[in-house]
Amino acid sequence: MRPARIRAVSLSDYSSVRAPAPRKGVHLPQIRIRDDTRHALPVVVAVVVAGIVGLGLAVASVVSRGLGWNDVAGICVLLAAATVAEAFPFPIEGVAAGWTSLATILLVAVAALYGWAVAGIVGFLTMALVEVGRRRPFSRVAFNCAVYVLAGIAAGGAAAGVADGTLLGLVLAAASAAASFWLVDITLLAAVVSRSRQTPLVRAWRNYVLSTSVPFAIMASLSAILVVLWNRSPYVAVILVVPLLATALYQRWIHGALERLREFDRLKDEFIAVVSHELRTPLTSVYGAALTLRQQKLDDQRRNTLLDIVSTEAARLGRLLDDVLWVSRLDSDRADAFIDRVDALEVVTEVVNGARTHLPPTLAIEIRHPEAPPPVAADPDKLRQVLVNLVENAVKYSGAGAIKVSLEPDGNRMRFAIRDEGLGIPFDEQARIFEKFHRLDPDMTRGVGGSGLGLYICKGLVERMDGEIWVESRPGRGSTFVFELPLAAV
Ligand code: ADP
């Protein structure tokens, strides 16, 4: 069941629909939000002016008519409930009009029970309290408040037209109040969205009607139930709180679950794209070298060069597949660490010697360590993998200079640092490079390929060994990747 209403959507709501936050590794075109808001300005101004006039008339009517203490108490309770409901909106799957709140049910009840003027004022107060509390920009607060004032007045007017003092009249009053509230809300939303997007009003309006009609029908029936119960006794109406609350919580939960599923799906697509791209490059080289070796008579030097290409690219394929396996183990929680006493210097030396075998002539690599460093509590395979990834990155991302791998005990931890004199990493990217698939140069304009998995794996492995990893870097001045692991117990 989806009792809900369409929340009055402001320009900022709309802007956020057009300009979602960029996701990892996905580069969205810049959207000129200012242009959108400028187009919608006439609608916003008209709605705000109409809202101010409506609110003035409502206040004048209430002042001249006066209210009894019982009415004031009932209105205050409904106002408080509407404000709380408005402050905790929830998303409804398939509804295009942003998040919804149950406040409409309460505002419609106010309109059917206390008339248009009170509904306009309560609509204003509900929205104003919530929006001011959220410190939203003034234009947004004004627009959203005006929408609630106008929707509340329309709902109260419609209810007064059909109420005849009977039970059926009360139900019909609630239903027509709900329909009016919904129509005003949706029409103003469609107007602002169609102006901003420069699309036909009728199309936007039809879309919103279609996507919100089911929640509206449920909201209207809940409003009618609330009005009938409240009319009997406001105390009895309190029993509606439980199903309403349960519905809101359930919607939030289901939305969160669906969002997570979408994120998995997106990651899967990204994974397939990145891995196929990374597989294609070495395969093409191996295929080209194999064809040349088969088809042509080659001298020894050329033949050896081609065989070097085959073995280097095959090793690259192997590393990529290793990365994929590590990611799969980490993501499915199958990367348990088997902690042992490990001679860190021995592992570092092994990794550095391995890197020296294919070091470009412009690069040098050295190890710095204290005399007889104490053993660390680590999983040797995982420690080796982390060091291999970091040393290979230092080679890949520094064209020339010295790479220093250092070991240094620090309290009850061992600090490993891999320092290069390469490209460096901008400050605002330093946390993101540890995310899966995140690359600073996704289009490979610098010609350095990679899957964006290496640092994600390093972080996962270090954390599984109770360690910590981070980077210190200044663009153009090189980077130092540092990780710490516990020392082995004496
Ligand atoms: P990959 O190297 O396969 O792209 P990583 O996860 O190892 O993936 O690294 C993620 C990104 O972090 C790299 O694409 C690169 O932009 C940046 N990076 C990693 N190491 C360094 C380094 N030593 N110097 C500069 N940038 C680096």
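Please read these numbers as outputs of a predicted model, since none were measured by experiment. These numbers come from the heavy atoms of this one structure, side chains and all, not from hydrogens, waters or symmetry mates. Start at 1 and go down the list; that is how both ligands and their atoms are numbered.
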Subset of ligand 1 atoms that lie under 4.0 Å from at least one heavy atom of Leu453:
6 (O), 8 (O)
Does Asn389 have a heavy atom less than 4.0 Å from any atom of ligand 1?
no
Under the side chain to side chain donor-acceptor pair (under 3.5 Å) test, residues paired with Glu350 that sit two or more places apart:
Arg384
Exercise: identify the closest heavy-atom pair between Glu131 and Arg140
OE2-NE, 3.0 Å
Checking a contact table here: which protein heavy atom is nearest atom 19 (C) of ligand 1, and how many Å away?
Asn393 ND2, 3.5 Å
So which heavy atom in the protein is nearest atom 3 (O) of ligand 1, and how far is it from that ligand atom?
Ser451 N, 2.9 Å
Exactly one of Val351, Asp420, Val386 clears side-chain contact (heavy atoms from CB on, under 4.5 Å) with Val391, and that residue is Val351
Side chain, backbone, both or neither: Ile425 near ligand 1, heavy atoms under 4.0 Å:
side chain
Listing request: all side chain to side chain donor-acceptor pair (under 3.5 Å) pairs with a residue in residues 370-379, at least two apart in sequence or in separate chains.
Asp379-Lys382
Check this for me - ligand 1, Ile433, N or O atoms closer than 3.5 angstrom, yes or no?
no
Taking non-hydrogen atoms only, is His438 closer than 4.0 angstrom to ligand 1 via side chain, backbone, both or neither?
backbone
Is ligand 1 less than 4.0 angstrom away from at least one heavy atom of Lys396?
yes
From the options Gln430, Arg474, Glu472, select the one residue that forms a side-chain contact (heavy atoms from CB on, under 4.5 Å) with Ile425.
Gln430
Check this for me: does any side-chain nitrogen of one of Asp336 and Arg329 sit under 4.0 Å from a carboxylate oxygen of the other?
no
Test your reading of the structure: does Gly424 have an N or O sitting under 3.5 Å from an N or O of ligand 1?
no
Considering heavy atoms of the protein only, find what lies nearest to atom 2 (O) of ligand 1 and give residue, atom and distance to 0.1 Å.
Tyr397 OH, 2.7 Å
Can you tell me the protein heavy atom closest to atom 4 (O) of ligand 1 and the distance?
Arg439 NE, 2.5 Å
Does any N or O atom in Gly452 lie less than 3.5 angstrom from one in ligand 1, N or O only?
yes
Salt bridge flag under 4.0 Å for residues Glu429 and Arg432:
no
Provide the number and element of each atom of ligand 1 under 4.0 Å from a heavy atom of Leu440.
14 (O), 16 (O)
In terms of side-chain heavy atoms, does Asp331 have a donor or acceptor partner in Tyr456 at a distance below 3.5 Å?
yes
Tell me the protein heavy atom at minimum distance from atom 6 (O) of ligand 1, and give that distance in Å.
Leu455 N, 2.8 Å
Between Asp308 and Arg303, does any NZ, NE, NH1 or NH2 come within less than 4.0 Å of an OD or OE carboxylate oxygen?
no
Atom 23 (N) of ligand 1 sits nearest the protein heavy atom Asp420 OD2, 2.9 Å
Mode of Phe434 contact toward ligand 1 - side chain, backbone, both, neither (heavy atoms, under 4.0 Å)
neither
List ligand 1 atoms under 4.0 Å from Phe481, heavy atoms only on the residue side.
20 (N), 21 (C), 22 (C), 23 (N)
Step through the shown structure and confirm whether more than 12 heavy atoms of other residues, nucleotides or ligands are within 6.0 Å of CZ on Phe434.
yes
Which ligand 1 atoms, with their elements, are less than 4.0 angstrom from a heavy-atom of Ser479?
24 (N), 25 (C)
Aromatic plane relationship, Phe271 with Phe437 - under 30° parallel, 30 to 60° tilted, over 60° perpendicular:
tilted
